[in-house]
Number of protein chains: 2
Amino acid sequence: MSFVHLFRRYLREQGLPVTQQREAIAEVVFNSPEHLSVEDIEKKLRERGERIGKATIYRTLETLVRSGLVEEHDFGEGFKRYEHLFGQKPVREHLICTECGKVVDMHSTELHRVQDEAARQQGFLPARYRLQIYGLCADCRAAGAELRWEGLSCPIETV
Amino acid sequence: MSFVHLFRRYLREQGLPVTQQREAIAEVVFNSPEHLSVEDIEKKLRERGERIGKATIYRTLETLVRSGLVEEHDFGEGFKRYEHLFGQKPVREHLICTECGKVVDMHSTELHRVQDEAARQQGFLPARYRLQIYGLCADCRAAGAELRWEGLSCPIETV
DNA sequence: GTACGTGCAAAGTTTTTGCAAGAAA
DNA sequence: TTTCTTGCAAAAACTTTGCACGTAC
């Protein structure tokens, strides 16, 4: 149920002190299935009765990311979001609905393989990747939403 | 050679005034093969003898992106970069070297197809996507660089 | 002449940093 | 006791906004 001991182990491995704040922040992140913003984390901590400064949250998240237990995301909202990597295979593919803003996780082994291949063909040695697909989610499509193009009437016709 | 007339057409279509500043900014972006930051653009404008306020640059980039002629990128540097979509097929795949920071463009038709398929399988209607692969570029590999893992010694073993 | 753009500076966001006081080992 | 953390507030970095003045049409 709780994965905090993994983080504790990482801290010890690195010779870093295990503090109340670090454990509380890790617990909050590990117990949320969503992609959390720093503000979300702060709110959840307050709900638990913990009052931890933003600076500490940022600093702890940096450590969590470095430990490999948490991943940082940027969905172009102007701030970052954080997600733990337990449960299923690490999810690095996100479908982002341009209508309702919902973010759906996805995983495709084939996709992973093709990406890897393509990168290697360029002499590149891939380590991790991040894919964001923007479009309409199933719900919004069902509700009748449509993709809209507000750009040039005749997109890119190099005339 | 110059694609500015496409932007002019877009502005007219939208009933927006065509101004000197808008044309100068579009020219700078259209004539650079790189991914430009707002600061880069400002510098290039100054080199051309144009002194245009940052606010205008931001506002014009917004319009350029909406026109579909320019794409906004976020490589996690803390600021955005902009790239025109002329020349080759729109490039939405980036190989980012974690050693030297270089960003290499890539394009794979197969990759595109697999992505599309995977999204549709989830009931999602894809419109555009963005892929970032982090790793080591050919040069850094040749120079002997290696991927390093500074996270937990035994990555994610849910024990 | 009217509507919209421009430039400046101020305000807004999110994130980082400096430092005195405090906790972990 | 020594080292590293915490929390606050200030700073930083990028972007947006308000407003008086100018320009496109």
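Letters A, B, ... are given to chains in the order of the sequence lines, protein chains preceding strands, and every chain is numbered from 1. In what follows, every heavy atom counts, from backbone to side chain, and hydrogens, waters and symmetry copies are set aside.
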request  = Examine C/dT6: is either OP1 or OP2 under 4.0 Å from a nitrogen or oxygen in the side chain of B/Arg59? Give yes or no.
outcome  = no
Ion pair B/Arg81/B/Asp40, N-O distance below 4.0 Å = yes
ask   = Taking the six-membered ring where the residue is Trp, are the ring centres of A/Phe3 and A/His84 under 6.0 Å apart?
value = no
query = Would B/Ile52 end up clustered with B/Val29 when hydrophobic side chains under 4.5 Å apart are linked, directly or stepwise?
reply = yes
Given DNA chain D, 5'-ward residue of the pair A/Ile52 and B/Val18, judged by closest heavy atom = A/Ile52
request  = May I ask you to say what B/Arg12 touches in the nucleic acid, namely base, sugar-phosphate or nothing, with a heavy-atom cut-off under 4.0 Å?
outcome  = nothing
ask   = Taking the nucleotide of DNA chain C with the closest heavy atom to each, which residue, A/Gly78 or B/Thr60, is nearer the 5' end?
value = B/Thr60
remark   = In whole angstroms, the gap separating P of D/dA11 from NZ of A/Lys54 amounts to 19 Å
ask   = For DNA chain D, whose closest nucleotide is more 5', that of A/Arg22 or that of B/Pro17?
value = A/Arg22
key: Between C1' of C/dT6 and CD of B/Glu50, the distance in whole Å   = 14 Å
query = Looking at A/Tyr58, does any N or O in its side chain come under 4.0 Å of the phosphate oxygens OP1/OP2 on C/dT15?
reply = yes
query = What is the distance from NZ of A/Lys80 to P of C/dT13, rounded to the nearest Å?
reply = 18 Å
query = Over how many whole Å does the gap from A/Arg46 atom CZ to D/dG7 atom P extend?
reply = 13 Å
message = Once you apply a heavy-atom cut-off of 4.0 Å, does B/Phe79 come out as touching a base, just sugar-phosphate, or nothing?
response = sugar-phosphate
note = From CZ of A/Phe75 across to P of C/dT14 the rounded distance in Å is 16 Å
message = With a cut-off of less than 4.0 Å, is there a side-chain N or O of A/Gln14 near OP1 or OP2 of D/dC4?
response = no
query = Do any side-chain nitrogens or oxygens of A/Thr19 fall under 4.0 Å of OP1 or OP2 in D/dT6?
reply = yes
key: Nearest-neighbour nucleotide for the A/Leu16 side chain, D/dT15, C/dG7, D/dT5 considered   = D/dT5
message = Check this for me: does any side-chain nitrogen of one of A/Lys43 and A/Glu47 sit under 4.0 Å from a carboxylate oxygen of the other?
response = no
request  = Take atom CD1 of A/Ile57 and atom P of D/dT5, then tell me their distance rounded to the nearest Å.
outcome  = 16 Å
inquiry  = Counting only side-chain heavy atoms from C-beta out, which of C/dA9, D/dG7, D/dC25 sits nearest to B/Ala55?
reply    = C/dA9
A/Gln21 vs D/dG7: side-chain N/O to OP1/OP2 distance below 4.0 Å = yes
note = Between CZ of B/Arg81 and P of D/dC14 the distance, given in whole Å, is 11 Å
ask   = Any salt bridge between B/Arg9 and B/Glu13, counting N to O under 4.0 Å?
value = yes
ask   = Between atom CG in B/Leu45 and atom P in C/dG7, what is the gap in whole Å?
value = 10 Å
